[in-house]
Structure formats: structure tokens, C-alpha cells
Protein chains: 2
Amino acid sequence: MVMDGTHATKQRLLDVGMALLLEHGYHGLGVQALLDAAQVPKGSFYHHFRDKEDFALQVVDEYMRNVHHGLDQCLNDTARPPLARVRRFFELTEENYRREGYLGCLLGGLGQELSGVNGTFRARIAECFTVISERTATCLEEARVRGDIPSDADPREMACLLVDCWEGAALRSRLRGDAEPLTSMLDFYFAASGARRQ
Amino acid sequence: MVMDGTHATKQRLLDVGMALLLEHGYHGLGVQALLDAAQVPKGSFYHHFRDKEDFALQVVDEYMRNVHHGLDQCLNDTARPPLARVRRFFELTEENYRREGYLGCLLGGLGQELSGVNGTFRARIAECFTVISERTATCLEEARVRGDIPSDADPREMACLLVDCWEGAALRSRLRGDAEPLTSMLDFYFAASGARRQ
DNA sequence: GTGGCACTAGACCGATCGGTCTATTCCAGT
DNA sequence: ACTGGAATAGACCGATCGGTCTAGTGCCAC
């Protein structure tokens, strides 16, 4: 087999691992449990990954590839006004959460669990949020110059806020097992951000 | 010794455990590590607590006692207008976070880590957020009848939103190690909630 | 066809996990 | 003074943890 990055066994570990990490958390997921679920022997795991931490970090990378795909899909859709594009991204994310049974966000979960003790995870996940926030900010800036939000607004700050509040709503959604915190958070945010058109 | 609820050894376990659970999370904190930190032998631990889960749930209870104390202190302060009381509670909470090195909120941490797998924790922590939200809502209702927020606003919904967004900001604060997400979230919320006076 | 390497396969390792057990200490009630 | 139970103390338990090691398999280059 070749290092084309799409090795089937490794990919299955990443996919199964993403779901299991979301459900059980990092310390709550044993390597053996992962291997049983993915039907992969231990030797393969330590062939493809240096250790459990390396594995989880690669799962985060995989998760971020999905996030960027969603951002590409929504934020570049110039047929819609920029604020609607931003909102659509989060509604698409909400749809993903629904499919997983409202278990919230993997970044939020791993961030909460590990950032108190593991600097590598802390930095990596902080970086993830920054990236999402930055991409959102450029779209908000577009809305600003267009006059859809107040001209003295700070798009970067607004984007930061949106991502932060979203993560809080995602946690509450995980606790309740439904979408209500997510939708009402979006309603509040877009009503309050001073949108002049839809 | 008597069952006055203030047994020194048990209290030390709860206090040390609260700090360690916040830092390491539930699965990241071994019973032995807790015992070493609290200078308590294992026999005492299993005398006072049925098992590790019972211990963590009692730590949550202890945490909520602190929260209620803060709520009592802030929300009943009739010298201030009700919106200012609500804001003061969260600013006091922010101050507590600062003292702990910006590790965020224990409820958020345990909720994220465990709610995917443990129904007892899920329900307990969801209940905690509901309680905090309800107490906040009564204060917001006071603000509503007073005319400080729009008369058609729903205080319970607004309180829910505030708590949710706060938790998100607390997570980001934990990741960054500073207070900025907390303060700017409060600024946004109280500016957007339609306050007519300070 | 064969040598070499990526990958699979799982037995095995010491350490640590949460939890139990027995022994002992300490103090209150009598 | 004695005694019963609360509390302390830590050795000990099987299970599971993350991780290593060796053996075997299959495939591609030559």
C-alpha cells in the first residue's frame, strides 16, 4: 500500500474515533475499545499513530477538514448576503449535531477536558477556534462594508463572540439532547448584531 | 465525631477535589492522586463516599452551594437596579475564575466530559444550569416590569441564553487563559438585551 | 521468483485504575 | 474503665490502562 493519505484502516480509525471521542471523551475512550469498535488490531493502530495523543490530534485535524468544507460551502456562496451565509454555516453545523444525537462539538469537548492539563491540545484547539472565527470575520466584514451591520462594528470581535456563544449553546444542547439552545442562540445573535436586512 | 456535615477530612476531600476536578476532569483525576493531594488515606475516602462518582456528585453539590451563595449576595442586593445585579453576579464569577487561573466552570467541564455517557451526571448538571437560569430569570423579570428591558421580552429565555453563552465564553477563557472572552460576552449581552438605563 | 517493506495480528508488559478488606485509632456514652 | 461505632490507615485485589514486541501476511519492485 502507498502513502496516499487515504489508507482504509487508518481512515476507519479516524472516523470511528471521531464518533467515540465525541461520545466518551479522551480519557473515557480506551484504545482497546476503539480497536474493538473499528475492528482493527492493536498493531495497526500503533503503526499508523505514534500514540493515543497523536491519534486524537489527527482526529481533530480530520474534524477541522470537515469544518473547513462546511465553511467553503457556506461562506463562499455569493448568491446570498454575507450574514445569511454565516447563519447558514451554523445551521448546517446544527444539522450535523442532530445527526449525531446532539452530542455537541468535538472541539468543545476535548478542549474542556484536556486544556487544563495538556498544553498541546490546549493550543491546538484554541487555534481551531481562532481559524473558524477568522473565516467568519471576513464574511462579517463583507456584511459591514455592505451596511448590513453597523459600520463601527468590529467583525473579528463579533465573530469571536459568535463562536464562543455557539460553543456554550452546543454544551447546553448536549446536556438537553435537543437543538433548542442552538437555534435560540442564533436568533438572539443575529437579531442583536444589528442586521438591517435579513 | 458527629455527623454535623462539616467533618474536616470529608470537607478537605471536597475542596481539594473541586480544584483537581476542574483542572484534570473526571477521568483524568485518579482516586489515588486525589488522596495524595489531600493527604487522606484511601479508607477515609470510601468511608465518606460510596464511590468516585458519588464523590464527584457531592463536589458538584458543594460547587452549587458556592454558586447559590454568590446569587444570594448579588441578586438580592436591592440597592442596585436588577440588570446591574445580574451583571454583578457574572463579574463576581469571573473574579473567581481569575483566582483559579481561568480554568473555566466546573459544571461546564464535567458536563462536557460526562454527559455523553453518564445519565446521572447529565441530568444533575443540566438541573444546575436550569436552577441558575431560573434565579437569573426572576431578576430579569424584575427588570422587565421596571422597563429596563423590552416589555415583550421573555426573561426565562433571556436567562437561558445568558447562561449558555457564559459557558461558551468560559470555555474560550480556559483555552486562552485570560478573561477577555468573559468580559466581551457580558458587554455584548447587556448592550444587546435592550437595556434602557446603565 | 524473490527480497524487502508496509501493514496486520495479537500476545504480552508494567503501571495504574477504582474498589475491597482488615487492622487500628480515637472518642463519646455509660 | 470499658465498649461500640466512627474514622483512619494502607495493604491488597482483579481489571484495564497505554504501549511494546515479535511473528506473520500480502504486495510491489526488480
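All values below come from the heavy atoms of this structure, side chains included, with hydrogens, waters and symmetry mates left out. Residue numbering restarts at 1 for every chain, and letters A, B, ... go by the order of the sequence lines. Note that the structure is predicted; figures quoted are calculated from it, not measured.
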Asks: Do other residues, nucleotides or ligands put more than 12 heavy atoms under 6.0 Å from R135(B) CZ?
Replies: yes
Asks: Quickly work out the D36(A) CG to dC17(D) C1' distance and round it to whole Å.
Replies: 14 Å
Asks: Look at all strands and tell whether L29(B) reaches a base, only sugar-phosphate, or nothing, counting heavy atoms closer than 4.0 Å.
Replies: sugar-phosphate
Asks: How close or far is atom C1' of dT16(D) from atom NE2 of H27(B), stated in whole angstroms?
Replies: 12 Å
Asks: Between dC17(D) atom P and L34(A) atom CG, what is the distance in whole Å?
Replies: 11 Å
Asks: Extract from the structure each pairing of a protein N or O with an N or O of nucleotides 22-24 of chain D at less than 3.5 Å, listing the distance.
Replies:
none

Asks: What closest approach, in Å, do P155(A) and A137(A) show between heavy atoms, and which atom pair accounts for it?
Replies: CB-O, 3.6 Å
Asks: Starting from the 5' end of DNA chain D, give me the residue, E53(A) or H48(B), whose nearest nucleotide shows up first.
Replies: H48(B)
Asks: Which atom names give the shortest non-hydrogen contact between C160(A) and R172(B), and what distance separates them?
Replies: SG-NH2, 3.7 Å
Asks: To the nearest Å, give me how far apart CG (D54(B)) and C1' (dG18(C)) are.
Replies: 14 Å
Asks: Starting the side chain at C-beta, find the nucleotide from dC7(C), dT8(D), dG18(C) nearest to H7(A).
Replies: dC7(C)
Asks: Hey, is E127(B) close enough to R124(B) for a salt bridge, meaning N to O under 4.0 Å?
Replies: no
Asks: Considering every strand and a 4.0 Å limit on heavy-atom distances, what is the contact class for L35(A): base, sugar-phosphate, or nothing?
Replies: nothing
Asks: What is the distance, to the nearest angstrom, from the CZ atom on F49(A) to the P atom on dC7(C)?
Replies: 12 Å
Asks: Measure the acute angle between the ring planes of H48(B) and H7(B), then classify it against the limits of 30° and 60° as parallel, tilted or perpendicular.
Replies: tilted
Asks: Nearest heavy-atom pair of M185(A) and C165(A): which atoms, and what distance?
Replies: CE-CB, 3.3 Å
Asks: Kindly give the atom pairs (protein nitrogen or oxygen, nucleotide nitrogen or oxygen) under 3.5 Å for nucleotides 10-13 of chain D.
Replies:
| from | atom 1 | to | atom 2 | distance (Å) |
| --- | --- | --- | --- | --- |
| dG10(D) | N7 | G43(B) | N | 3.4 |
| dG10(D) | O6 | G43(B) | N | 3.3 |

Asks: Got more than 12 heavy atoms from elsewhere within 6.0 Å of CZ, R12(A)?
Replies: yes
Asks: Can you tell me the distance, in whole Å, between the NE2 atom of H47(B) and the C1' atom of dT20(C)?
Replies: 15 Å
Asks: Charged N to carboxylate O under 4.0 angstrom, E91(A) versus R87(A)?
Replies: yes
Asks: So, do F121(A) and Y26(A) have ring centers that fall under 6.0 Å from each other?
Replies: yes
Asks: Can you check the N118(B) CG to dG18(C) P distance for me, whole Å?
Replies: 14 Å
Asks: Round to a whole Å and report the spacing from CG of D51(A) to C1' of dC17(D).
Replies: 14 Å
